[in-house]
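Structure first, then comments.
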Amino acid sequence: MNAFPFSWPGRVPASRSPLARYRRQLWLLLAPFLAGALLLIGLPALLTFGLAFTRYDALTPPVWSGWANFAAILQREVFWIAARNTLVFAGVAALLQVLGALGLALLLHPARRGVHLYRGGVYLTTILPDVAYALIWLWLFNPLYGPVNLVLGGLGLPQPAWLIDPATALPSLIIMAAFRVGEGMLLLIAARQALPAAYYQAAMLDGAGRWAIFRHITWPLLVPWLLLLFVRDIVVAAHSTFTAVFIMTGGGPGYATTLLPYLVFEEAFSHLRIGQAAAMLTLLFAAIALFVWFVYRRLGAWGYADDL
């Protein structure tokens, strides 16, 4: 404990140090985002969690029902169909997105003429509004005059019905989602450019080829980034599919493309079973949180940097 009521000459109080000032500036910059996230995400999530334990139809006041909504939806076959479709969609789409982003990142990371135009073209798929992106693919997959079937017919290949056939409807949505690789590509380009150049110089001096360099240097060092991107893509794919399903398939044919976000919408706004819809959404968020926690516990801060 300091026995003197004043600071030593030249000593800067902790509250006025450059580090403290830097942290205050960061919090000021984050304040609008945190306020918006609390208002637009945190508060609706709390309301959804509360409604999950009530019987509510938007016409009469909510009535407490305990775990009845969860018991009801777990006994419904359509819920398990939607859960299976969501799991397949999220897993396959995320894997394709990561592989596509990795391939494009390795192809476009070297600085050469025109590379920024190619990167911008790939990133364009990410910044397109979801509605516009879904309408573009609705045209591409049109079985009569869509460009995809025209190309397949010109090559003498089968021309699927795509969104009309239950066997190809969900794969069509997966293909559509797999092309949104702009963010992943930029992340992996930054990761590739941050890798130690000394490793590559030593490998080339030893006469290693491109495949050997990729297998023994690039791939092991990029694995933490790829896992991070894969987890992020699974989380995004699991809860952000409503627009595409609503515009392109309406959950059909049959229940082939009924994913959990669309089923939640149908339950809440078509059948006015808002309590059950909130229970479905709560289970979806709980599954995502459990998945993220499991990955974090298994991998932690796995990386190649010395400070991890």
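Worth saying up front: this structure is predicted, and the values here are computed from it rather than measured. Side chains are part of it too, since the values below use all heavy atoms of this structure and drop only hydrogens, waters and symmetry mates.
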Show the numbers, then the answer: is there a ring pair (Phe, Tyr, Trp, His ring centres under 6.0 Å) between Trp211 and Phe214? CA-CA 5 Å; Trp211 171 248; Phe214 171 78; 5.8 Å; yes
Under 3.5 Å donor-acceptor, [X] side chain and [Y] backbone:
{"X": "Asn85", "Y": "Leu259", "value": "no"}
{"X": "Gln97", "Y": "Ala177", "value": "yes"}
{"X": "Tyr133", "Y": "Met176", "value": "yes"}

Please check if [X] and [Y] belong to a single hydrophobic cluster, counting links between Ile, Leu, Val, Met, Phe, Trp and Tyr side chain heavy atoms closer than 4.5 Å.
{"X": "Leu144", "Y": "Leu150", "answer": "no"}
{"X": "Val264", "Y": "Leu40", "answer": "no"}
{"X": "Ile175", "Y": "Ile234", "answer": "no"}
{"X": "Leu163", "Y": "Tyr145", "answer": "yes"}
{"X": "Val98", "Y": "Ile174", "answer": "no"}

Hydrophobic cluster partners of Phe33 (side-chain heavy atoms under 4.5 Å):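 ILVMFWY cluster around Phe33 also holds Trp27, Leu30, Leu34.
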Rest of the hydrophobic cluster containing Tyr22 (Ile/Leu/Val/Met/Phe/Trp/Tyr, side-chain heavy atoms under 4.5 Å)? Leu26
Rounded distance (nearest 0.5 Å) linking atom [atom1] of [X] with atom [atom2] of [Y]:
{"X": "Ile247", "Y": "Leu138", "atom1": "CD1", "atom2": "CG", "value": "8.5 Å"}
{"X": "Arg24", "Y": "Leu19", "atom1": "CZ", "atom2": "CG", "value": "10.0 Å"}
{"X": "Arg119", "Y": "Leu186", "atom1": "CZ", "atom2": "CG", "value": "8.0 Å"}
{"X": "Leu51", "Y": "Thr282", "atom1": "CG", "atom2": "OG1", "value": "9.0 Å"}

Pairs in or reaching into residues 234-250: which pass side chain to side chain donor-acceptor pair (under 3.5 Å), with residues at least two apart or in two chains?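 Residue pairs with at least one partner in residues 234-250: Thr249-Thr257.
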Could you list the residues that satisfy ring-ring contact (aromatic ring centres under 6.0 Å, His included) with Phe269, not counting sequence neighbours?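 ring-ring contact (aromatic ring centres under 6.0 Å, His included) list for Phe269, sorted by chain: Phe265.
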By ring-ring contact (aromatic ring centres under 6.0 Å, His included) - contacts of Phe53 (at least two apart):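 ring-ring contact (aromatic ring centres under 6.0 Å, His included) list for Phe53, sorted by chain: Phe49, Trp64, Trp67, Phe70.
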Can you list the residues that meet the side-chain contact (heavy atoms from CB on, under 4.5 Å) rule with [X], with sequence neighbours excluded?
{"X": "Pro44", "value": "none"}
{"X": "Leu155", "value": "Val151, Leu157"}
{"X": "Phe285", "value": "Leu281"}

Acceptor/donor pairs from residues 272-279 side chains to any protein atom, 3.5 angstrom cut, sequence neighbours excluded:
residue: Arg273; atom: NE; partner: Glu267; partner atom: OE1; Å: 2.8
residue: Arg273; atom: NH2; partner: Glu267; partner atom: OE1; Å: 3.2
residue: Arg273; atom: NH2; partner: Glu267; partner atom: OE2; Å: 3.2
residue: Gln276; atom: OE1; partner: Arg76; partner atom: NH1; Å: 3.2

I'd like a table of donor-acceptor pairs (distance under 3.5 Å, sequence neighbours excluded) in which one partner is a side-chain atom from residues 86-96, with atom names and distances.
residue: Thr86; atom: OG1; partner: Ala82; partner atom: O; Å: 2.7
residue: Thr86; atom: OG1; partner: Leu260; partner atom: N; Å: 2.9

For His116, does the NE2 atom have more than 12 heavy-atom neighbours from other residues, nucleotides or ligands under 6.0 Å away? no
More than 12 heavy atoms of other residues, nucleotides or ligands under 6.0 Å from OH of Tyr200: is that the case?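 Check passes, neighbour count above 12.
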If you take all heavy atoms of [X] and [Y], which pair is closest and at what distance?
{"X": "Pro143", "Y": "Ile164", "value": "CG-CD1, 3.7 Å"}
{"X": "Ala169", "Y": "Ala256", "value": "CB-CB, 4.4 Å"}
{"X": "Ala203", "Y": "Ile217", "value": "CB-CD1, 3.6 Å"}
{"X": "Asn149", "Y": "Gln159", "value": "O-OE1, 3.3 Å"}
{"X": "Arg215", "Y": "Pro220", "value": "O-CD, 3.3 Å"}

Between Ile288 and Phe291, is the side-chain contact (heavy atoms from CB on, under 4.5 Å) condition met? List the steps. CA-CA 5 Å; Ile288 292 175; Phe291 171 71; 5.7 Å; no
Do [X] and [Y] have side chains that get closer than 4.5 Å, going by heavy atoms?
{"X": "Asp165", "Y": "Pro253", "answer": "no"}
{"X": "Leu221", "Y": "Leu195", "answer": "yes"}
{"X": "Leu173", "Y": "Val245", "answer": "yes"}
{"X": "Tyr255", "Y": "Pro166", "answer": "no"}
{"X": "Ile81", "Y": "Glu77", "answer": "yes"}
{"X": "Leu283", "Y": "Leu74", "answer": "yes"}
{"X": "Asp233", "Y": "Leu229", "answer": "yes"}

Trace of the side-chain contact (heavy atoms from CB on, under 4.5 Å) decision for Glu266 with Thr258: CA-CA 10 Å; Glu266 284 288 304; Thr258 299; over 6 Å; no
Verdict with supporting geometry, Leu140 and Trp162, side-chain contact (heavy atoms from CB on, under 4.5 Å): CA-CA 10 Å; Leu140 290 174; Trp162 295 114; over 6 Å; no
Please test Thr218 against Tyr199 for side-chain contact (heavy atoms from CB on, under 4.5 Å), starting from the C-alpha separation and ending with a verdict. CA-CA 9 Å; Thr218 305; Tyr199 295 169; over 6 Å; no
Ring centers of Phe179, Trp137 separated by less than 6.0 Å: yes
Could you give all pairs that pass the salt bridge (charged side-chain N to carboxylate O under 4.0 Å, His left out) test and reach residues 179-207, with sequence neighbours left out?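 For residues 179-207: Asp130-Arg180, Glu183-Arg232.
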Tabulate below the donor-acceptor pairs under 3.5 Å that side-chain atoms of residues 99-110 make, not counting sequence neighbours, or state none.
none

